Amino acid sequence: MKEVNITELERMFQEKIDQDIKIEPKDWMPDDYRETLIRQISQHAHSEIVGMLPEGNWITRAPNLRRKAVLLAKVQDEAGHGLYLYSAAETLGADREDTIDDLHSGKAKYSSIFNYPTLTWADMGAIGWLVDGAAIMNQVPICRCSYGPYARAMVRVCKEESFHQRQGFEIMMTLAKGSPEQKAMAQDALNRFWWPALMMFGPSDGESKHTAQSMKWKIKRSTNDELRQQFVDVTVPQAEMIGLTLPDADLSFNEATGHYEYGEINWAEFWEVVKGNGPCNKDRIDTRRKAKEEGQWVREAATAFAQKRAARKSA
Ligand code: BYC
């Protein structure tokens with residue numbers, strides 16, 4: 001009897017999804033839908049927070065006050081995105097502390113891209129242009145995600161990412177038009193970040209274990225390969241416009257399909273980074289763990305203050 005009820009609930013749930021009716025926190029949902037969302041949203045939150053580190057590394061070394069103010073604002077925006085996303089995961093019953101502990105223990109994933117080092121100022125340009133560019137490509141469809149709180153969080157996130165992408169492109173454009181050394185620095189950053197940016201979209205469709213179900217539930221609205229192709233198609237002309245060369249000898253425009261064809265992604269490298277063996281994985285997690293430890297006194301003081309205030313109010 002119970003089984004029949006669940007099947008019926010699942011049928012009604014899928015009907016709502018098919019009609020583009022948003023699922024809200026108190027609505028019934030299958031356990032797997034909830035788990036998939038908690039997994040994706042918490043990974044997304046961790047990516048925003050860990051994603052602050054490679055750029056945070058350059059705040060003190062920005063080349064002028066304007067660049068410093070912009071970079072500071074961008075890194076703060078990423079913290080805000082992380083907080084919306086942790087809150088969205090909480091609406092599904094996830095415990096924020098547990099989620100963060102999973103990041104610190106190495107159990108939870110975050111975007112592979114943030115395990116690469118930022119070696120020069122041009123990397124701030126490459127990250128804004130390519131990494132935020134890829135993030136927008138991936139996140140705009142999530143504004144139409146079936147889960148209301150995630151979809152709504154993405155609307156604001158995408159507006160801010162769009163500003164981030166432009167500031168990155170502007171840095172690259174300025175360097176590409178600068179001295180030969182500046183142009184070489186921009187080219188080197190592009191060479192190092194191009195392939196990792198393509199990897200951000202995840203494994204190819206044939207290898208992606210979650211895509212089919214996530215598309216059915218409208219958690220994902222496009223496949224990994226579809227989004228990767230869209231990113232390549234918009235980014236290649238931008239590189240040409242600023243006179244930089246993409247590090248892919250196989251890149252060519254296919255007149256028949258209207259798309260750029262690109263070379264083979266190094267999937268062995270991708271999976272190594274995802275497994276924790278990228279150039280900066282250890283450093284990123286150690287930094288986050290240390291930040292939590294060093295912030296312990298702030299959390300304790302804030303809790304003590306809140307408790308004292310509540311006690312005073314009730315007295
Ligand atoms: N890195 O079946 P698949 C930002 C994992 S932050 C690491 O295709 P799914 C920004 C995947 O989790 C941008 N792991 O999975 C911040 C899965 O493992 P599990 C972050 C990856 O979920 C600061 C397995 O591989 N954006 O914009 O259907 C500064 C199989 O993959 C990656 C988001 O998080 C990867 N690249 O699709 C600047 C967007 N790719 O969980 C910028 C939301 C795959 O089974 N997330 N894996 O152990 C998504 O759209 C999807 O989760 C993904 C993966 C497209 C990433």
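When a ligand or atom number is given, it counts from 1 through the structure's own listing order. Heads up: numbering here begins at 1 and tracks the sequence. Bear in mind the structure is a predicted one, so any value in this text is a computation, not a measurement.
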Exercise for review: Consider only side-chain N and O atoms of S204 and D225, and report whether a donor and an acceptor are under 3.5 Å apart.
Suggested key: no

Check your understanding: Any salt bridge between D123 and R192, counting N to O under 4.0 Å?
Key -> yes

Point to revise | More than 12 heavy atoms from other groups under 6.0 Å of CZ on R11 | key: yes

Review point. For ligand 1, which atoms, with element, lie under 4.0 Å from some heavy atom of G51?
Key: 23 (C), 29 (C)

Check your understanding: Any idea how F231 and W194 line up, ring-wise: parallel (<30°), tilted (30 to 60°), or perpendicular (>60°)?
Key -> parallel

Check your understanding: Do any N/O atoms on M200 end up under 3.5 angstrom from N/O atoms on ligand 1?
Key -> yes

Exercise for review: Write out the residue and atom name of the closest protein heavy atom to atom 39 (C) of ligand 1, then the distance separating them to 0.1 Å.
Suggested key: N138 OD1, 2.9 Å

Exercise for review: Please confirm whether H210 comes within less than 3.5 Å of ligand 1 when only nitrogen or oxygen atoms on both sides are compared.
Suggested key: yes

Practice item. Starting from atom 10 (C) of ligand 1, locate the nearest protein heavy atom and write down its residue, its atom name and how far away it is, to 0.1 Å. Key: F114 CZ, 3.4 Å

Practice item. Could you verify whether a donor N or O on one side chain and an acceptor N or O on the other, from H44 and Y150, lie under 3.5 Å apart? Key: yes

**Study point:** Side-chain (T118) to main-chain (P54) donor-acceptor, under 3.5 angstrom
**Key:** yes

Exercise for review: Return a yes/no value for S214: is any of its N or O atoms, backbone included, closer than 3.5 angstrom to an N or O of ligand 1?
Suggested key: no

Review point. Can you check whether F253's main-chain N or O pairs, donor with acceptor, with E261's side chain at less than 3.5 Å?
Key: no

Exercise for review: State the atoms of ligand 1, each with its element, that fall below the 4.0 Å cut-off from a heavy-atom position in E55.
Suggested key: 29 (C)

**Study point:** Ion pair K22/D27, N-O distance below 4.0 Å
**Key:** no

Check your understanding: Is the shortest distance from atom 53 (C) of ligand 1 to a protein heavy atom below 4.0 Å?
Key -> no

Study note, to complete from the structure: Looking only at protein heavy atoms, what sits closest to atom 7 (C) of ligand 1 is Y110 O, 3.2 Å

**Study point:** Under 3.5 Å donor-acceptor, N281 side chain and G278 backbone
**Key:** yes

Check your understanding: Contact between E207 and ligand 1, counting heavy atoms under 4.0 Å?
Key -> no

Check your understanding: Does R39 reach ligand 1 with a nitrogen or oxygen that is under 3.5 Å from one of the ligand's nitrogen or oxygen atoms?
Key -> yes

Practice item. Any chance you could lay out the salt bridge (Lys or Arg N to Asp or Glu O under 4.0 Å) test for K218 and D20, step after step, and finish with the verdict? Key: CA-CA 9 Å; K218 297 189 180 169; D20 282 329; 3.0 Å; yes

Practice item. Step through the shown structure and confirm whether more than 12 heavy atoms of other residues, nucleotides or ligands are within 6.0 Å of CD on E207. Key: no

Check your understanding: Will you find, in the side chains of H210 and Q40, an N or O donor that is under 3.5 Å from an N or O acceptor?
Key -> no

Exercise for review: Please determine, by modelled atom types, if E161 and H164 share a side-chain donor-acceptor pair under 3.5 angstrom.
Suggested key: yes

Check your understanding: Is there a donor-acceptor pair closer than 3.5 Å between any side-chain N or O of R284 and the backbone N or O of L53?
Key -> no

Exercise for review: Report the nearest protein non-hydrogen atom to atom 36 (N) of ligand 1: residue, atom name, distance rounded to 0.1 Å.
Suggested key: S112 OG, 3.1 Å

Practice item. Would you check the N or O atoms of Q43, main chain and side chain alike, for any that come under 3.5 Å of an N or O of ligand 1? Key: yes

Practice item. Could you tell me whether some N/O pair between K220 and ligand 1 is separated by less than 3.5 angstrom? Key: yes

Study note, to complete from the structure: Quick note on ligand 1: atoms under 4.0 Å from a heavy atom of K74 include exactly 29 (C), 38 (C)

Study note, to complete from the structure: So for M52 against ligand 1, with non-hydrogen atoms under 4.0 Å, the contacting part is neither

Study note, to complete from the structure: F201 heavy atoms within 4.0 Å reach ligand 1 at atoms 55 (C)

Practice item. Would you mind running through ligand 1 and noting each atom that sits below 4.0 Å from a heavy atom of W271? Key: 25 (O)

Check your understanding: Would Q230 and E226 count as having a side-chain donor-acceptor pair, cut-off 3.5 Å?
Key -> no

Point to revise | Test log, rule ring-ring contact (aromatic ring centres under 6.0 Å, His included), inputs Y86 and H46 | key: CA-CA 8 Å; Y86 284 127; H46 299 327; 5.5 Å; yes

Review point. What's the shortest distance from atom 29 (C) of ligand 1 to any protein heavy atom, and which residue and atom give it?
Key: E78 OE2, 3.3 Å

Practice item. List every atom of ligand 1 that sits less than 4.0 Å from any heavy atom of V274, numbering the atoms from 1 in the order shown and giving each element. Key: 7 (C), 14 (N)

Review point. What residue and atom, counting heavy atoms only, is the protein's closest point to atom 19 (P) of ligand 1, and at what distance?
Key: K109 NZ, 3.6 Å

Practice item. Look at atom 44 (C) of ligand 1 and say which protein heavy atom is nearest, naming residue and atom and giving the distance to 0.1 Å. Key: P203 CD, 3.6 Å

Point to revise | Close approach of H81 to ligand 1, heavy atoms, under 4.0 angstrom | key: no

Study note, to complete from the structure: ligand 1 to G202, heavy atom cutoff 4.0 Å, flagged ligand atoms 40 (N), 44 (C)

Check your understanding: Considering only heavy atoms, does V273 approach ligand 1 within less than 4.0 Å through its side chain, its backbone, both, or neither?
Key -> neither

**Study point:** S208, any N or O under 3.5 Å of ligand 1 N or O
**Key:** yes

Study note, to complete from the structure: So the atoms of ligand 1 within less than 4.0 Å of a heavy atom of K209 turn out to be 2 (O), 45 (O)

Revision key, fill the gap. protein heavy-atom neighbour closest to atom 21 (C) of ligand 1 works out as F270 CZ, 4.0 Å

Review point. With backbone taken as N, CA, C and O and side chain as the heavy atoms from C-beta onward, which portion of N224 lies under 4.0 Å from ligand 1: side chain, backbone, both, or neither?
Key: side chain

Point to revise | Test item: side-chain donor near acceptor, R228 and T223, under 3.5 Å | key: no

Review point. Are any of the N/O atoms in S47 less than 3.5 Å from those in ligand 1?
Key: no

Review point. Looking only at heavy atoms, is any part of H164 under 4.0 Å from ligand 1, and if so is it the side chain, the backbone, or both, or is it neither?
Key: neither

Review point. With no hydrogens and no angle check, do the side chains of H259 and N254 hold a donor and an acceptor under 3.5 Å apart?
Key: no

